[in-house]
Amino acid sequence: MREGWTYKRLGEVCEVEYGTRVVKQRDGGNVFPVYGGGGATFKMDVYNRENRVVVSRFAMSSKCTRMVKGKFYLNDSGLTLKSNSNSLLQIYLDTCILALNDKIYTLGRGVAQKNLKVDDLLRLSIPIPTHERQQSIVAELDKINELIGLKKSQLSDLDSLAQSIFYDMFGDPVENEKGWEVKRLGDLCEISSAKRVFIEEVVDSGVPFIRGTELTALSKLARGEKMDYSLFITQEHYERLKAITGVPKVGDLLIPSINSEGIVWMVDTEEPLYFKDGRVLWVHVNKDAFTSEALLKIMSVLIKNIFSSMNGATFAELKLFVLRDLLVPLPPLPLQQSFASRITAIEQQKQRIRTSIKDLETLLASRMQYWFD
């Protein structure tokens with residue numbers, strides 16, 4: 001306990017503001033995000049909160065608090081806390097709630113879904129220094145958050161640059177306005193899937209076994225970043241499957257069959273892995289025709305176009321025969337190689353920025369622990 005600071009329970013210095021049930025999306029007007037238990041769900045043309053920290057009453061993950069900037073609608077699975085004490089600044093209270101996220105999550109009761117009891121939340125104690133100190137703490141942490149936000153914006157700019165470079169060099173693969181030669185993907189690359197793995201053959205450790213869900217997560221990881229797998233097959237089972245179907249190698253492309261986002265993952269590891277038949281499609285990249293980087297971008301656009309043309313089918317799924325018959329433009333290989341080099345340089349720059357973000361996030365966590373633990 002710091003000298004001159006007071007320590008109060010949340011229930012002593014603030015009041016709870018609950019969200020309101022949302023029945024359906026409003027039509028027309030301005031749109032504002034809806035927050036609560038699951039984050040932004042859909043949008044409204046009215047708002048009932050602005051610039052406030054949100055506490056989820058039903059947490060499916062460890063992140064049950066979040067700071068929302070701007071105007072938003074709070075649904076009935078979320079709440080906010082408002083200072084009712086002259087000694088407690090609202091901006092400092094918001095920062096305290098974010099710092100207490102781990103403690104708040106441990107208060108949740110239940111297994112499948114954590115249910116936060118508000119009375120438990122209000123019994124949590126927070127440190128309350130002078131107004132001047134509260135403002136300086138918030139300013140310090142806001143500065144670190146500002147730097148993190150700037151770095152993330154740089155990542156977004158680099159993604160936009162990569163996309164711009166792609167369209168500048170190759171044009172739209174759907175329209176093919178540059179007039180590249182077009183061929184069936186199946187005539188250029190081998191397209192296959194896996195041998196079936198039954199649920200009783202899945203184990204708790206061993207060689208990672210990936211489905212569409214894991215594949216989507218992999219596609220969003222930075223190069224070299226480790227994935228936390230939850231499903232596995234034994235090494236012996238993997239070796240048997242490898243002898244029958246082979247296994248993906250670095251540079252091959254894996255694609256979820258249910259895939260309106262155009263997700264394509266380029267294998268970037270030599271570590272063993274296997275995947276679910278039917279739900280993951282495998283493109284063995286022919287290096288005489290494509291670089292993996294160029295084909296990944298081309299296919300991502302084409303797959304999005306396929307799903308958009310399905311007009312909201314109840315169970316839209318990409319089949320092997322569709323992928324084999326997919327007409328793809330075939331830009332000159334030297335141009336693809338130039339693109340790959342530029343993308344590699346961008347990825348290296350992004351990796352340096354991600355490292356900087358992790359360092360800043362570590363610093364932020366350390367300073368929050370210093371002030372609030």
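Side-chain atoms are counted along with the backbone in the values below, which use heavy atoms only and exclude waters and symmetry mates.
Under the 4.0 Å criterion applied to side-chain N and carboxylate O atoms, R109 and D120 are assigned as salt-bridge partners. Checked for salt-bridge contact, K350 and E347 meet the test: a charged N lies under 4.0 Å from a carboxylate O. A salt bridge does not link E50 with K69: every distance from a Lys NZ or Arg NE/NH1/NH2 to an Asp or Glu carboxylate oxygen is 4.0 Å or more. For K183 and E181, the salt-bridge test passes: some basic side-chain N is under 4.0 Å from an acidic carboxylate O. Ion pairing between a basic and an acidic side chain is recognised when a charged N comes within 4.0 Å of a carboxylate O; R279 and E317 show such pairing.
Other residues, nucleotides and ligands place more than 12 heavy atoms under 6.0 Å from the CZ atom of R2. In the displayed structure, D373 atom CG is contacted under 6.0 Å by more than 12 heavy atoms of other residues, nucleotides or ligands. Atom CZ of R342 has 12 or fewer neighbouring heavy atoms from other residues, nucleotides or ligands inside a 6.0 Å radius.
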Might you work through the ring pair (Phe, Tyr, Trp, His ring centres under 6.0 Å) test for Y47 and Y73, ending with a clear yes or no? CA-CA 5 Å; Y47 72 95; Y73 197 94; 9.1 Å; no
F170 and F339: CA distance, side-chain angles, deciding distance, ring pair (Phe, Tyr, Trp, His ring centres under 6.0 Å) verdict: CA-CA 9 Å; F170 303 121; F339 173 74; 5.3 Å; yes
Would I346 and D159 count as a side chain to side chain contact (heavy atoms under 4.5 Å, CB included) if you check the C-alpha gap in whole Å, the side-chain angles of each, and the deciding distance to 0.1 Å? CA-CA 8 Å; I346 289 174; D159 285 335; 5.9 Å; no
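Taking 4.5 Å as the limit, some side-chain heavy atom of L318 sits within range of a side-chain heavy atom of I255. Taking 4.5 Å as the limit, some side-chain heavy atom of R184 sits within range of a side-chain heavy atom of L327. Under the 4.5 Å side-chain criterion, counting only non-hydrogen atoms from C-beta, V55 is not in contact with T80. For the pair W265 and L253, the minimum side-chain heavy-atom distance is 4.5 Å or more.
A donor-acceptor pair under 3.5 Å links the side-chain atoms of N51 to the main chain of G70, judged by distance alone. Side chain of R57 to main chain of D76: a donor-acceptor pair is present (N/O by atom type, distance under 3.5 Å, no hydrogens or angles). Under the 3.5 Å distance criterion, the side-chain polar atoms of S366 are left unmatched by any main-chain donor or acceptor of T362.
Under the side-chain hydrogen bond (donor to acceptor under 3.5 Å, both in side chains) criterion, Y92 pairs with no residue, sequence neighbours left out.
For residues 198-212, the pairs satisfying side chain to side chain donor-acceptor pair (under 3.5 Å) are R211-E214, with sequence neighbours left out.
When the options Q235, K242, H237 are evaluated for a side chain to side chain donor-acceptor pair (under 3.5 Å) with E239, the one that passes is Q235.
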